[in-house]
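Here the structure is laid out as structure tokens; the discussion comes afterwards.
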Amino acid sequence: MLRTLTAAALLALTVSAAQAETLSERIHTAAVEACAAESSKSLPLSHYSAITKVCVDRISASAEAKYQAMANAKTMSSTASN
């Protein structure tokens with residue numbers, strides 16, 4: 001029984017790691033698209049890049065924190081039911 005649970009946990013961690021990379025990429029892409037409206041073409045490129053970077057970092061961190069909290073809650077509820 002312990003071997004089965006260990007194997008299942010290892011498989012879940014492997015799948016989670018692969019999904020996390022994909023999710024992180026999707027979050028970043030969405031943040032870049034969302035931040036395009038915040039930047040202005042009339043500003044110098046150096047200023048434009050700084051605004052975009054801060055915006056992307058802020059949105060990405062917020063979304064990743066949200067999805068991490070949801071994943072933690074899901075894990076806790078499935079662990080509690082076992």
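The basis for the numbers below is simple: all heavy atoms, side chains too, and nothing from hydrogens, waters or symmetry mates. Nothing fancy with the numbering, it's 1 onward along the sequence.
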Spatial distance of atom OG (S77) from atom CG (N72) [nearest 0.5 Å]: 11.0 Å
Starting at OG of S24, measure out to OH of Y67 and round the result to the nearest 0.5 Å. 12.5 Å
Applying side-chain contact (heavy atoms from CB on, under 4.5 Å) between V32 and each of I59, T52, V56, I27, report the one that passes. V56
Value for OG (S60) from NZ (K53), rounded to nearest 0.5 Å, stands at 10.0 Å
Got a second to check how far M70's CE is from Q68's CD, nearest 0.5 Å? 11.0 Å
